[in-house]
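Step one of this worksheet: look at the structure below.
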There are 2 protein chains.
Amino acid sequence: MFSKTCEYAIRAVIFIAQKTADGSRVGIKEVAAGIDSPEHFIAKILQDLSRKGIIQSQKGPTGGFYLDAQSRKYTLADVVHVVDGDQIFNGCGLGLKQCSETKPCPLHNEFKKIRDAISKMLRSTHLGEFSEQLEQKLVFLKR
Amino acid sequence: MFSKTCEYAIRAVIFIAQKTADGSRVGIKEVAAGIDSPEHFIAKILQDLSRKGIIQSQKGPTGGFYLDAQSRKYTLADVVHVVDGDQIFNGCGLGLKQCSETKPCPLHNEFKKIRDAISKMLRSTHLGEFSEQLEQKLVFLKR
DNA sequence: ATAATAAAAGATAAATTTGTCTTTTATTAG
DNA sequence: CTAATAAAAGACAAATTTATCTTTTATTAT
Ligand code: FES
Ligand code: FES
């Protein structure tokens, strides 16, 4: 469904949102450990998200990653879009170069429903909304 | 959503179903051209599907690929399962090693709905059911 | 039997994704 | 100002996916 990169990205962003809900920052090592991902790999991904403004970062001592008020308004759809592009939102499920209403693949109508369900879910999910459930260990970001 | 391999596989199987609805056979070159895929690549995939019994093949002159009565009862879910395994049917959408009801990821409940929709669609779609629409050029397997 | 045909199999290679290691840059505390 | 810290950047490597090319095997028609 998503690339590994994107899976890590979503988990990391949710993790950072929770860890920095109090205004603090969280280092890359703690993120990597918290979501069980390779440290330098998730670092690259976060650099990207940071450049695009989805998350914030600060170098040096006391530095780390965090989300500002603006970023807390972003949704998972924004994360997915930055990392995986819009294939999942608009691409043809059977791999035709471009999804088209006038020249549809055999599953076009079915795929459209599923794509829409995915889009809707991602667009309606904000980065910070799992903090409490994570705190209470009702949901998890690693096994 | 699916691997490139799986996309080709689905398109090829639908193509073969249509082309051989009359009991004939279709060669690998025609398949590759018909779905716009690399010839030797789709050949490997069809070998696999053939070994698994999802499609049939016959060597030599007048040989080619086709679907017997039994195979026409298979669904796209069978094809996807052979090619991509069961990640799409049961895997965690956020990449946790295993989806779990008792230790769910934050999106578990949402993903479950989507996975179920995909499963349902694939299980209810039989290989031959697009032949007529393809014939009438209402749907397409390449751009 | 023989030659022609077409899939099967095997080997190799390109491209992409995923992961690791090292160096550089910015920031802070002292 | 200096040393310590932590992200940013760059280079490289492994693994996987996707694609290509060649040889072998089975089957058919003549
Ligand atoms: S054409 Fe395939 S999903 Fe629209
Ligand atoms: S645990 Fe992630 S989908 Fe079930």
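A, B, ... follow the sequence lines: proteins, then strands. Residue 1 opens every chain.
No chain of hydrophobic side-chain contacts below 4.5 Å, direct or via other Ile, Leu, Val, Met, Phe, Trp or Tyr residues, connects B:Ile10 to A:Leu96.
Against DNA chain C, the stretch residues 9-21 of chain B makes no heavy-atom approach under 4.0 Å.
For the pair A:Ile42 CD1 and C:dT20 C1', the interatomic distance rounds to 15 Å; values are reported in whole Å. Atom OH of A:Tyr8 and atom P of C:dT17 are 15 Å apart (whole Å). Computed from coordinates, the A:Phe41 CZ to C:dT22 C1' distance equals 18 Å when rounded to whole Å. Taking atom CZ of A:Phe2 as the reference point, atom P of C:dT18 lies 13 Å away to the nearest angstrom. Atom CZ of A:Arg25 and atom C1' of C:dT27 are 10 Å apart (whole Å).
Taking 4.0 angstrom as the limit, B:Ser3 places none of its side-chain polar atoms (N or O) nearer than this to OP1 or OP2 of D:dT17.
Here the shortest heavy-atom pairing between A:Leu134 and A:Gln18 reads CB-OE1, 3.7 Å. For the residue pair B:Ala9 and B:Val79, the shortest heavy atom distance occurs at CB-CG1, 4.0 Å.
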Taking distance alone, no hydrogens or angles, what donor-acceptor pairs closer than 3.5 Å link side-chain atoms of residues 64-71 of chain B to residues at least two apart or in another chain?
unit_1  : atom_1 : unit_2  : atom_2 : d
B:Asp68 : OD1    : B:Gln70 : N      : 3.1
B:Asp68 : OD1    : B:Ser71 : N      : 2.7
B:Asp68 : OD1    : B:Ser71 : OG     : 3.3
B:Asp68 : OD2    : B:Gln56 : NE2    : 3.4
B:Ser71 : OG     : B:Gly53 : O      : 3.3
B:Ser71 : OG     : B:Ile54 : O      : 3.0
B:Ser71 : OG     : B:Gln56 : OE1    : 3.0
B:Ser71 : OG     : B:Gln56 : NE2    : 3.0

I'd like a table of donor-acceptor pairs (distance under 3.5 Å, sequence neighbours excluded) in which one partner is a side-chain atom from residues 25-34 of chain A, with atom names and distances.
none

Enumerate, atom names and distances included, each donor-acceptor pair closer than 3.5 Å involving a side-chain atom of residues 41-51 of chain B, sequence neighbours excluded.
unit_1  : atom_1 : unit_2  : atom_2 : d
B:Asp48 : OD1    : B:Arg51 : NH1    : 3.1
B:Ser50 : OG     : B:Ser57 : OG     : 3.4

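The ring-ring contact (aromatic ring centres under 6.0 Å, His included) pairs that include a residue from residues 122-143 of chain B number zero, where partners must be two or more places apart or lie in different chains.
Nearest to the side-chain atoms of B:Pro38 among the listed nucleotides C:dG19, D:dT18, D:dT20 stands D:dT20.
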- prompt: Could you write nucleotides 5-13 of chain C as a row of B, S and -, 5' to 3', where a protein heavy atom under 4.0 Å of any base atom gives B, of only sugar-phosphate atoms gives S, and otherwise -?
  reply: BBBBBB---

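Proximity of a side-chain donor or acceptor of B:Arg11 to a complementary backbone N or O of B:Lys142 within less than 3.5 Å is not detected.
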